[in-house]
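These notes concern the structure reproduced below.
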2 protein chains.
Amino acid sequence: MLQLRDLPTTEVLTKFAKRYPDADITAVSSFLHLLRVATDLSIALDTCLSKHGLLQGRWWVLILLMREDSKTSTPSALADKAGVTRATMTGLIDGLEQSGLVARIYTKDDRRSVLISLTEAGQAKLDVVMPDYYRRLRQCMQALDEEKRRQLQQILGLINSGISAFI
Amino acid sequence: MLQLRDLPTTEVLTKFAKRYPDADITAVSSFLHLLRVATDLSIALDTCLSKHGLLQGRWWVLILLMREDSKTSTPSALADKAGVTRATMTGLIDGLEQSGLVARIYTKDDRRSVLISLTEAGQAKLDVVMPDYYRRLRQCMQALDEEKRRQLQQILGLINSGISAFI
DNA sequence: TTGACATAGTTAGCTGGCTAACTATAATGT
DNA sequence: ACATTATAGTTAGCCAGCTAACTATGTCAA
């Protein structure tokens, strides 16, 4: 998401601000650091998941299925919740099905639709991955007390409201 | 980076924490919100840039060139700073060269190497894009006073130090 | 001085997203 | 009741990253 490694120093930002007076140096700096840390977090998460033979896409599908009491859902619903297109979800399910972690179940009531079901093996995979993920995440966020976590959420809310300025 | 749209509610997290006692609910929640907002910011930035016929990759290359006093650099150096492989940089430069925004200059001193130079058209493009980007970013971050920006940077620093827990 | 290694750039082919187009089925309104 | 429209899933092909392998050039030590 943010590839850039060489974030601008204050000097560089000051130089740019001279040519482009609209530049708000602390705004740019906060923005880029936010993207940088979030990107590194996402990469680190992928590293963790890949140790279990998963990537974010397929992992989220398993989690979304586990959230359901029935341990089942449809590709469309999964696509909406996972934030990918239905076309992409077809591919994710293909992969998970081949690994035996989910199963396609064809029902009679709406013959356009398919039920995707978390298999025993899929649940077993989650029972290995999730504790590892939660332990690492707890460790990662350890340095933030509840007050700081609250502050972060509040700040993120403010930024989130501002995103529309880009569109 | 974080595709997932349907972030877990506190109820869902509580349910998961029952099965997986390592789960730290506010840690997970802060983590996911951070990724969610950052991803939306990145998408919004792409939207803004695409109005100018650019994507992040090519845009950063132009900016990296503009940072240099000579307005030139090499593909390798650009790749390092932009955080992409040299192979990817070849493609970015190909595109920018075709649009006339940069030029490849072959020098004599090291015949393995090429100098990439920001053209007049490239500088002119930045002179249109950057003010637009800075204006929107200022607007986006408007709701954060300097104190909150400082808090954010500090919190990001703490999280950043924790990322190693994932690796 | 020449053989081994290192560096710069490119190419080829993989991946996981995407959109657009397609098939099949269901729902709806006249 | 049937034509239109909407929905579910899939397929085909695009895009921007990636790795691995390759060419060309430069460096260095025996």
Side-chain angles (χ1 to χ4, degrees), chain A residues 1-5 35 39-40 42-43 45-47 49-50 53-62 64 72-99 102-117, chain B residues 1-5 35 39-40 42-43 45-47 49-50 53-62 64 72-99 102-117:
Chain A
M1 122 154 211
L2 181 68
Q3 300 287 347
L4 188 71
R5 275 354 283 186
L35 292 187
T39 302
D40 289 341
S42 177
I43 292 168
L45 175 58
D46 283 333
T47 303
L49 293 177
S50 72
L54 286 174
L55 289 172
Q56 280 191 51
R58 293 183 189 181
W59 179 60
W60 285 121
V61 173
L62 296 180
L64 287 170
T72 61
S73 186
T74 63
S76 292
L78 290 169
D80 284 347
K81 293 176 184 173
V84 299
T85 61
R86 286 175 295 141
T88 299
M89 186 52 65
T90 295
L92 292 175
I93 291 169
D94 284 347
L96 287 166
E97 191 178 36
Q98 275 200 304
S99 314
V102 307
R104 280 185 169 88
I105 299 175
Y106 296 89
T107 65
K108 291 185 227 168
D109 36 322
D110 184 341
R111 304 185 3 137
R112 292 171 301 182
S113 191
V114 188
L115 267 189
I116 308 303
S117 163
Chain B
M1 126 164 192
L2 180 68
Q3 299 287 348
L4 188 70
R5 286 278 148 199
L35 293 187
T39 301
D40 289 341
S42 178
I43 292 168
L45 174 59
D46 282 334
T47 304
L49 293 177
S50 71
L54 285 173
L55 290 172
Q56 280 190 50
R58 294 183 187 180
W59 179 61
W60 286 119
V61 173
L62 296 180
L64 287 170
T72 61
S73 185
T74 63
S76 292
L78 290 170
D80 284 348
K81 292 175 184 173
V84 298
T85 62
R86 285 175 295 139
T88 299
M89 187 52 65
T90 295
L92 292 175
I93 291 168
D94 284 347
L96 287 166
E97 192 178 35
Q98 276 201 304
S99 316
V102 308
R104 278 185 170 88
I105 299 175
Y106 295 90
T107 66
K108 291 185 230 169
D109 36 322
D110 185 342
R111 302 183 4 133
R112 291 170 303 182
S113 191
V114 189
L115 268 187
I116 308 303
S117 164

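In what follows, every chain begins at residue 1, and chains take the letters A, B, ... in the order their sequences are listed.
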Task: Non-neighbouring partners of B:L55 that pass side chain to side chain contact (heavy atoms under 4.5 Å, CB included), sequence neighbours left out - done: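 Scan of B:L55 (side chain to side chain contact (heavy atoms under 4.5 Å, CB included), adjacent residues dropped) gives none.
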
With rounding to the nearest 0.5 Å, note down the distance linking [atom1] in [X] to [atom2] in [Y].
X      : Y      : atom1 : atom2 : value
B:T90  : B:L78  : OG1   : CG    : 11.0 Å
B:Q3   : A:Q56  : CD    : CD    : 8.0 Å
A:I116 : A:R104 : CD1   : CZ    : 5.5 Å
A:L2   : B:W60  : CG    : CH2   : 6.0 Å
A:W59  : B:L4   : CH2   : CG    : 8.5 Å
A:L35  : B:L45  : CG    : CG    : 7.5 Å

Check the distance between [N]'s [atom2] and [X]'s [atom1] and give it to me in whole angstrom.
X     : N      : atom1 : atom2 : answer
B:D80 : C:dA8  : CG    : C1'   : 12 Å
B:I43 : C:dC18 : CD1   : C1'   : 12 Å
A:D46 : C:dG16 : CG    : P     : 11 Å
A:L78 : C:dG17 : CG    : P     : 14 Å
A:W60 : C:dG16 : CH2   : C1'   : 17 Å
A:L55 : C:dG17 : CG    : P     : 8 Å

Considering only distance and modelled atom types, tabulate donor-acceptor pairs under 3.5 Å from the side chains of residues 80-89 of chain A, sequence neighbours left out.
residue	atom	partner	partner atom	Å
A:K81	NZ	A:E68	OE2	3.1
A:T85	OG1	A:T88	N	3.1
A:T85	OG1	A:T88	OG1	3.0

TODO: Check every strand shown and say whether A:G83 touches a base, only sugar-phosphate, or nothing at a heavy-atom separation below 4.0 Å.
DONE: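 The residue A:G83 makes sugar-phosphate contact but no base contact.
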
TODO: Have a look at A:R104 and say if it touches a base, only the backbone sugar-phosphate, or nothing, with a 4.0 Å heavy-atom cut-off.
DONE: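 Sugar-phosphate contact only - A:R104 comes under 4.0 Å of backbone atoms but never of a base.
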
Task: Bounds of contact between DNA chain D and chain B, in 5' to 3' order, using a heavy-atom cut-off under 4.0 Å - done: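 Both ends considered, the range comes out as D:dA16 to D:dG26.
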
Taking every non-hydrogen atom, the tightest pair across [X] and [Y]:
X      : Y      : value
B:S117 : B:T72  : CB-CG2, 3.7 Å
A:M1   : B:S42  : CE-CB, 3.1 Å
B:S99  : B:R58  : OG-NH1, 4.5 Å
B:P75  : B:V114 : CD-O, 3.3 Å

Open item on the list: For the CZ atom on A:R111, are there more than 12 heavy atoms of other groups (residues, nucleotides or ligands in this structure) within a distance under 6.0 Å?
Closed with: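 No, the 6.0 Å shell around CZ holds no more than 12 heavy atoms from other groups.
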
Task: Selection: residues 85-92 of chain A, any non-hydrogen atom under 4.0 Å of DNA chain D - done: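 Heavy-atom contacts with DNA chain D come from A:R86, A:A87, A:T90.
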
Open item on the list: I'd like to compare against my own output: the B/S/- annotation of nucleotides 23-29 of chain C with a strict under-4.0 Å heavy-atom distance to protein.
Closed with: -BBS---

Open item on the list: Side chains of B:I43 and B:D46, heavy atoms from C-beta outward: is any pair under 4.5 Å?
Closed with: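 They are not in side-chain contact.
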
TODO: Take A:S113 and A:Q3, find for each the nucleotide of DNA chain D with the closest heavy atom, and name the residue whose nucleotide sits nearer the 5' end.
DONE: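 Its nearest nucleotide being more 5', the pick is A:S113.
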
Can you check nucleotides 1-4 of chain C for protein contacts, nitrogen or oxygen pairs under 3.5 Å, and list what you find?
none

